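Below is one structure; the comments refer to it alone.
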Amino acid sequence: MKTILQLILAGVIGGAIAFGAFKMFDKDTVIYETTPVQVVKTPVSNSTSIDFSTDFVSAADRANPAVVHISAKNEEYLAYSQNGARRQYDPYEDFWGFRRRRQGDRPQAGTGSGVLVSKDGMIITNNHVVGFADFLEVTTSDGTRYEARKIGTDPSSDLAIIQIEGNNFPHLEFADSDDVKVGEWVVAVGNPFNLTSTVTAGIVSAIGRDLDIIQGFKAIEEFIQTDAVVNPGNSGGALVNVKGELIGINTAISSPTGVYAGYSFAIPANLVRRVMADIIEVGGDVQRTMLGITIANIEDAKREGLETYAESGVFVTGFPDRVYSSAKYSGMEVGDVITGVDGSQVREPEDLLEAVRYIKVGDTINVEVNRKGKKKTIPVKLRRGI
């Protein structure tokens with residue numbers, strides 16, 4: 001009996017010692033997992049890297065010195081505000097006494113922006129900024145004023161070139177605007193409301209916009225749309241990428257009020273370069289012309305019961321009244337199906353418009369047609385429309 005009691009007492013004492021030891025070390029006990037936890041990094045897209053930090057300082061540093069302020073006036077405005085003092089304007093008066101003015105002449109003045117694109121002072125701007133002007137004054141970013149001369153204009157693209165005398169001007173390099181992507185950051189630089197050297201930023205929200213805002217039958221529109229803030233006075237200013245390269249010329253805004261309301265539009269750099277070359281080639285204003293035809297696509301012609309003799313192309317339905325038709329003069333006929341221009345295939349009306357959009361007065365193009373099942377090439381020399 002005594003032995004049993006001794007064993008029970010020993011067990012109780014041993015358990016108490018063990019419990020006390022557990023409680024003593026419990027606060028310092030660390031439990032380690034035998035199998036380490038593996039951290040797996042899952043990419044959120046196929047991109048190799050994503051950089052959410054964008055610094056516009058270097059882009060602004062490059063663009064600001066190359067963007068100029070332009071003040072434009074015509075002769076009638078200068079007469080109206082002679083010597084800076086307002087006087088009553090007589091629409092028939094000149095310094096000899098009286099003259100018959102051209103219809104539509106009126107005092108005009110305005111301001112806008114321009115971009116230096118060469119070290120010898122060549123400036124790209126909008127035609128609507130300088131097209132009407134007889135006197136141009138350019139103020140560079142350092143405050144220096146220059147009298148500028150007009151090199152030439154292209155109303156169909158709303159672009160113009162002016163030049164100031166000098167050398168080693170800061171200027172922007174052209175980017176390839178075909179590489180512009182929706183969603184990329186851009187910087188707009190200009191002179192809104194006569195506030196010089198103003199920089200705003202945004203993203204490209206669309207490309208290739210056709211807004212039907214340039215007047216004339218040969219309007220060329222393929223705007224870059226951005227949400228960078230642009231206002232009156234920004235016209236002719238620079239749209240640059242984050243490298244400070246010129247990707248467009250700011251031209252228009254979409255607004256019910258006349259000021260920025262969310263979207264602005266720029267002429268892409270590749271079109272700017274092409275128009276520059278045209279202006280320099282002709283040594284003045286570029287006059288674009290048209291074929292002088294009315295057209296329909298093949299499917300519409302078939303629905304009208306017309307013999308098309310071709311599966312694709314553009315059907316010539318006629319020649320517009322009161323318009324000189326270079327196509328008709330060159331021998332094109334109603335019923336011809338245009339299948340190509342200068343080796344480029346024409347399947348739809350859009351293809352034909354693309355092929356002839358840059359043609360100028362004096363150019364000759366080779367138009368390939370299907371005439372009643374027979375292929376024919378017609379050289380068409382583009383003449384001035386009357």
Side-chain angles (χ1 to χ4, degrees), residues 154-158 177-182 206-225 265 267-268 270-271 274-275 278 286-386:
D154 180 19
S156 65
S157 63
D158 195 19
S177 57
D178 288 343
D179 292 338
V180 173
K181 305 298 183 185
V182 172
I207 55 177
R209 285 289 197 221
D210 186 342
L211 305 177
D212 197 26
I213 60 173
I214 299 177
Q215 301 301 311
F217 57 80
K218 281 298 294 177
I220 302 172
E221 295 187 355
E222 48 186 54
F223 293 110
I224 300 171
Q225 177 182 310
F265 303 93
I267 300 168
N270 288 357
L271 175 56
R274 183 158 188 168
V275 172
D278 286 346
V286 176
Q287 294 177 323
R288 302 191 186 277
T289 185
M290 59 180 180
L291 286 172
I293 57 177
T294 57
I295 59 176
N297 62 42
I298 290 294
E299 295 305 317
D300 288 342
K302 287 180 178 179
R303 278 193 290 269
E304 293 294 324
L306 301 173
E307 291 286 350
T308 60
Y309 298 98
E311 293 302 317
S312 66
V314 174
F315 191 88
V316 178
T317 60
F319 306 99
D321 296 334
R322 298 184 299 277
V323 172
Y324 177 88
S325 173
S326 297
K328 183 178 181 180
Y329 183 86
S330 300
M332 198 172 296
E333 298 178 1
V334 173
D336 286 349
V337 177
I338 298 175
T339 58
V341 175
D342 285 339
S344 297
Q345 193 169 19
V346 173
R347 294 180 177 273
E348 299 176 348
E350 290 75 15
D351 298 331
L352 179 60
L353 295 175
E354 179 66 27
V356 302
R357 69 189 312 180
Y358 296 108
I359 57 177
K360 305 186 297 294
V361 173
D363 288 350
T364 298
I365 58 175
N366 292 308
V367 182
E368 299 148 29
V369 303
N370 184 315
R371 179 176 294 172
K372 297 181 179 180
K374 296 182 179 180
K375 295 181 180 180
K376 185 178 180 68
T377 299
I378 303 174
V380 179
K381 183 172 184 178
L382 286 306
R383 294 171 171 80
R384 187 190 308 274
I386 55 175

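Keep in mind that what you see is a predicted model, and the values were worked out from it rather than measured.
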Could you walk me through whether D336 and N370 pass the side chain to side chain donor-acceptor pair (under 3.5 Å) check? CA-CA 6 Å; D336 286 349; N370 184 315; over 6 Å; no
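- Using a 4.5 Å heavy-atom cutoff, the side chains of D363 and V380 are not in contact.
- Annotation: the span from S177 atom OG to E222 atom CD amounts to 7.5 Å, rounded to 0.5 Å.
- In terms of heavy-atom proximity, S326 sits nearest to S330 at O-OG, 2.8 Å.
- Between S344 and D342, the side chains place no donor N or O within less than 3.5 Å of an acceptor N or O (distance only, hydrogens not considered).
- With contacts defined as side-chain heavy-atom distances shorter than 4.5 Å, the pair L352/L291 qualifies.
- Between D278 and K360 there is a salt bridge, since a side-chain N of the basic residue sits under 4.0 Å from a carboxylate O of the acidic one.
- What you find for I298 and A310 is that their closest heavy atoms are CG2-O, 3.8 Å.
- Under the side chain to side chain donor-acceptor pair (under 3.5 Å) criterion, T294 pairs with T317, sequence neighbours left out.
- M332 has its side chain within reach of I338: a pair of non-hydrogen atoms, C-beta onward, lies under 4.5 Å apart.
- Side-chain atoms of R209 and I224, non-hydrogen and from C-beta on, never get closer than 4.5 Å to each other.
- Smallest separation of non-hydrogen atoms from A327 and I293: CB-CG2, 3.6 Å.
- Heavy-atom minimum distance, E368 versus G343: OE2-N, 3.3 Å.
- For CZ of R371, the number of neighbouring non-hydrogen atoms (other residues, nucleotides, ligands) closer than 6.0 Å is greater than 12.
- By the 4.5 Å heavy-atom criterion applied to side chains, T364 and L382 are not counted as neighbours.
- Contact record, S325 with F319: OG-CD2, 3.4 Å, taken as the closest heavy-atom pair.
- Taking the side chain as every heavy atom from C-beta outward, D154 and S156 approach each other to under 4.5 Å.
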Stepwise, does the salt bridge (Lys or Arg N to Asp or Glu O under 4.0 Å) test hold for E311 with K302? CA-CA 10 Å; E311 293 302 317; K302 287 180 178 179; 3.5 Å; yes
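- Screening I378, V346, V316, V337 for a side chain to side chain contact (heavy atoms under 4.5 Å, CB included) involving V369 leaves a single residue, I378.
- Considering only heavy atoms from C-beta on, D300 stays 4.5 Å or farther from F315 through its side chain.
- Heavy atoms of other residues, nucleotides or ligands lying less than 6.0 angstrom from CD of E304 number 12 at most.
- For K376, the NZ atom counts as loosely surrounded, since its 6.0 Å shell holds 12 or fewer non-hydrogen atoms of other residues, nucleotides or ligands.
- Between I359 and V356, the shortest heavy-atom distance links the atoms CG1-O, 2.9 Å.
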Take V341 and N366 through the test side-chain contact (heavy atoms from CB on, under 4.5 Å) and record every step on the way to the result. CA-CA 6 Å; V341 175; N366 292 308; over 6 Å; no
